[in-house]
Amino acid sequence: YTYKIEATDAGKASAVLSLSFKVSSGGTTFGYASAKSSKCAAPTSQQTNLEGGVSLLLKTDTSGATIRYTLDGTAPTGNSAAFSASSPIKLTSTKTVKAVAMKSGMTMSDVYTVTVNVNKAQAPAANAEAQTNGYMVTLACATKNASIYYTTDGSTPTGSSARYTGSFTADGGETIKAVAVAAGMAFSDVYTYTVPAKAPPATPARKFVPSIFRILRNTIAPPSNLIG
């Protein structure tokens with residue numbers, strides 16, 4: 001008779017023990033042989049740059065294995081987060097990712113480590129040029145190929161706010177807030193700019209008009225009998 005005993009630790013097989021015995025007229029003879037299970041292939045990763053950060057896809061060559069990972073640099077265990085290929089990890093800041101592959105009947109893989117660098121885009125800047133009616137506002141960012149999102153009511157902009165596509169008009173006095181973002185980079189710090197207050201309309205210069213009395217006095221000579 002032969003029996004196999006599978007020894008596991010936190011959901012991962014570490015060894016398989018084969019126990020055999022036979023019964024004969026001379027008594028029962030026991031024997032055993034242990035065999036180490038095969039090891040899962042360590043995970044690998046693929047990075048894709050997205051607006052606002054990086055998408056990280058984990059995979060292993062071991063069919064049917066579960067990948068578990070951490071984002072704080074600690075070694076993953078059977079209780080760590082399980083990775084799903086349908087939901088890649090979205091990273092919006094620099095992280096050290098560690099991952100292992102696990103499958104029943106196999107030894108856990110070696111730990112795979114990758115550091116994903118996600119830098120911030122540079123904050124945008126604004127300039128307002130006075131026009132006949134208000135101001136023409138221009139936004140710009142030093143980060144190459146960055147997109148700028150902004151608001152004009154003082155609220156904090158997000159990726160759902162108005163996307164800057166060119167100069168726009170402002171009456172004056174508005175508080176503009178803007179952020180910049182690029183593929184593979186996180187959103188910049190929020191930039192705040194207050195458009196100058198609208199200047200009051202210029203008062204027309206007063207045109208001097210001589211009074212009729214002055215005109216008559218200077219042009220009509222007095223009667224001769226009034227001259228002494």
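Numbers for residues simply follow the sequence, beginning at 1.
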When the side chains of residues 169-187 are checked against the rest of the protein, which donor-acceptor pairs come out under 3.5 Å, sequence neighbours left out?
unit_1	atom_1	unit_2	atom_2	d
E174	OE1	G172	N	2.8
E174	OE2	D171	N	2.8
K177	NZ	G154	O	3.3

Next item on the list: Show your reasoning for whether side-chain hydrogen bond (donor to acceptor under 3.5 Å, both in side chains) applies to S167 and T138.
Entry: CA-CA 5 Å; S167 300; T138 302; 2.8 Å; yes
Notebook entry, point to check: Quick one: salt bridge (charged side-chain N to carboxylate O under 4.0 Å, His left out) pairs with a partner in residues 127-141, sequence neighbours left out?
Noted result: none
Checklist line | Over all atoms of both residues, closest heavy-atom pair of Y149 and G159 | finding: CE2-O, 3.4 Å
Side chains of residues 57-66: which donor-acceptor pairs under 3.5 Å do they make with residues two or more places apart or in other chains?
unit_1	atom_1	unit_2	atom_2	d
T60	OG1	A41	O	2.7
T60	OG1	T62	N	3.3
T62	OG1	A41	N	2.7

Next item on the list: Name all pairs fulfilling the salt bridge (charged side-chain N to carboxylate O under 4.0 Å, His left out) condition that reach into residues 78-101, sequence neighbours left out, sorted by first residue then second.
Entry: none
Check: Do V54 and Y69 belong together in a cluster built from hydrophobic side chains that touch within less than 4.5 Å?
Finding: yes
Notebook entry, point to check: Do the ring planes of F168 and Y164 sit parallel (below 30°), tilted (30 to 60°) or perpendicular (above 60°)?
Noted result: perpendicular
Notebook entry, point to check: So, for N127 and Y193, which heavy atoms are closest and what is the spacing to 0.1 Å?
Noted result: C-OH, 4.3 Å
Next item on the list: Determine which pairs satisfy salt bridge (charged side-chain N to carboxylate O under 4.0 Å, His left out) with at least one residue from residues 65-79, sequence neighbours left out, and list them in order.
Entry: none
Check: Stepwise, does the side chain to side chain contact (heavy atoms under 4.5 Å, CB included) test hold for S147 with R163?
Finding: CA-CA 7 Å; S147 296; R163 187 174 184 272; 3.1 Å; yes
For residues 112-124, which side-chain N or O atoms pair as donor and acceptor with protein atoms under 3.5 Å away, sequence neighbours left out?
unit_1	atom_1	unit_2	atom_2	d
Y112	OH	S45	OG	2.6
T115	OG1	T96	OG1	3.3
K120	NZ	D189	OD1	2.7

